[in-house]
Amino acid sequence: LTNTVTRRVLFPDRPPSLVFAKEGSYLSPRDSLVVPLSAINLRGCTVSVERVYINNLVFMSMRESGRYNRSYYGGGVEAQEGLSLALTNRAYTAPRRPNEAGAIPVNLRDLVGPVTSGVFMLTARADKGNVTAQRLVVVSDMGITVKRSQQDLLVWVNSLRTAEPAVGAEIRVFSDKNQEIGSGLTDAEGVAEIRCRAPDPTAVPFLVTAAQGEDLGPVAAQDGGGRR
């Protein structure tokens, strides 16, 4: 080139954002109950915690899975709204590093005190603008695997922390109409075979819960999967 060419390049700032960074939703009460929150280009945020009532787990799961038309319970309603108890909220300061993700450790124990089990909805809202993030957190040491065969279920339960089988855990199976259609106890291997029976022939297994002492863990039965 015979002439000098000068160009000015501008890199715009990243848009403000909040993201709960950790994959998955299940935490053992025997471990740290820290849920990492990532913030970009924000001064701070407020995190609120709601506890989902155990008897509303089916309705909550139905909303989250899209089984209910949103117009049925209000287009602007959150999945947990009307099904949970608001517990607390706390303000957090975000690390001031322009255009870089800053970590905000949200400790569930610091927010709600000692926790043995429960289903919680965490909602983070930025101090300015319409920036939010949500994460459903299930506190339970119950690792549940479900296999379906027609209306019958094979349920295996083990400790998330030790991988030992959960002996004598109470298994309950609920339909998508929130009706209990099967129950049983796990054996020495942490396994229970559940025969599901319901007066309604259209009822199918939708949610499985495993309880042992004060610990209770839920898992969806629809996909025949499990959770860790």
Side-chain angles (χ1 to χ4, degrees), residues 18-39 45-61 63-65 78-81 83-92 94 101-125 132-146 155-172 174 186 190 206-223 225-228:
L18 285 169
V19 178
F20 282 104
K22 187 173 183 177
E23 293 285 337
S25 299
Y26 299 90
L27 298 174
S28 170
R30 303 182 187 182
D31 292 328
S32 168
L33 297 185
V34 174
V35 184
L37 177 64
S38 176
C45 66
T46 298
V47 176
S48 60
V49 184
E50 297 173 70
R51 184 167 194 152
V52 180
Y53 293 115
I54 296 301
N55 60 315
N56 286 334
L57 286 176
V58 169
F59 298 124
M60 172 82 174
S61 299
R63 288 181 180 181
E64 282 207 307
S65 64
E78 301 290 351
Q80 80 282 2
E81 191 164 331
L83 307 177
S84 59
L85 173 67
L87 297 179
T88 187
N89 59 75
R90 177 175 294 185
Y92 292 85
I104 302 174
V106 178
N107 191 315
L108 192 57
R109 282 195 180 93
D110 289 346
L111 290 169
V112 300
V115 178
T116 55
S117 71
V119 179
F120 303 88
M121 180 64 78
L122 274 60
T123 303
R125 293 182 174 85
T132 62
Q134 279 193 323
R135 174 60 55 88
L136 185 71
V137 176
V138 179
V139 178
S140 173
D141 193 48
M142 298 288 187
I144 310 169
T145 301
V146 179
V155 182
W156 175 48
V157 187
N158 67 292
S159 165
L160 292 177
R161 181 69 182 274
T162 67
E164 292 293 323
V167 181
E170 181 185 8
I171 308 300
R172 301 175 69 189
F174 297 89
T186 56
F206 180 75
L207 188 78
V208 176
T209 64
Q212 192 173 51
E214 296 182 354
D215 195 352
L216 183 145
V219 69
Q222 284 294 311
D223 55 8
R227 62 116 172 135
R228 293 288 185 271

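Within the 4.5 Å cutoff, the side chain of L37 has no heavy atoms near those of the V19 side chain. Proximity of L18 to S38: side-chain heavy atoms (C-beta onward) are nowhere separated by under 4.5 Å. Taking the side chain as every heavy atom from C-beta outward, R135 and M121 never approach each other to under 4.5 Å. Within the 4.5 Å cutoff, no side-chain heavy atoms of F120 are placed close to those of V52. Between V219 and V146 there is a side-chain heavy-atom pair separated by less than 4.5 Å. Between V138 and L27 there is no side-chain heavy-atom pair separated by less than 4.5 Å.
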Verdict with reasoning, L87 to S48, per side chain to side chain contact (heavy atoms under 4.5 Å, CB included)
CA-CA 8 Å; L87 297 179; S48 60; over 6 Å; no
Check against side chain to side chain contact (heavy atoms under 4.5 Å, CB included), N158 and M142:
CA-CA 6 Å; N158 67 292; M142 298 288 187; over 6 Å; no
Before giving the answer on side chain to side chain contact (heavy atoms under 4.5 Å, CB included), spell out for T186 and V155 the whole-Å C-alpha distance, their side-chain angles and the decisive distance to 0.1 Å.
CA-CA 8 Å; T186 56; V155 182; 5.6 Å; no
What do the steps show when you test L122 against F20 for side chain to side chain contact (heavy atoms under 4.5 Å, CB included), and what is the final call?
CA-CA 9 Å; L122 274 60; F20 282 104; 3.9 Å; yes
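Taken from OG in S159 to CD in Q212, the straight-line distance is 9.0 Å, to the nearest 0.5 Å. With rounding to the nearest 0.5 Å, the separation of OH in Y26 from CD1 in I144 is 8.0 Å. With values rounded to the nearest 0.5 angstrom, F59 atom CZ is found 14.5 Å from Y53 atom OH. Expressed to the nearest 0.5 Å, how far CG of N55 lies from CG of L83 amounts to 9.0 Å. Distance CG/L85 to CG/N56: 11.5 Å, rounded to 0.5 Å. Here the OG1-CZ distance, from T209 to F174, works out to 5.0 Å after rounding to the nearest 0.5 Å.
Residues S117 and R51 share a closest heavy-atom pair of O-NH2, 2.5 Å.
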Could you pull out all donor-acceptor pairs under 3.5 Å where a side-chain atom in residues 101-116 meets a protein atom, sequence neighbours excluded?
| from | atom 1 | to | atom 2 | distance (Å) |
| --- | --- | --- | --- | --- |
| N107 | OD1 | R109 | N | 2.8 |
| N107 | OD1 | D110 | N | 3.4 |
| R109 | NH1 | D31 | O | 3.1 |
| R109 | NH2 | P29 | O | 2.4 |
| R109 | NH2 | D31 | O | 3.4 |

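Under the 3.5 Å distance criterion, the side-chain polar atoms of R161 are matched with a main-chain donor or acceptor of R30. Under a 3.5 Å cut-off, the side chain of S28 and the backbone N or O of L160 do not form any donor-acceptor pair.
Remark: the Q134 side chain and the T123 side chain contain an N/O donor-acceptor pair separated by less than 3.5 Å. Defined by atom type and a distance below 3.5 Å, a donor-acceptor pair is present between the side-chain atoms of D215 and S140.
In this structure S84 satisfies the side chain to side chain donor-acceptor pair (under 3.5 Å) test together with E50, sequence neighbours excluded.
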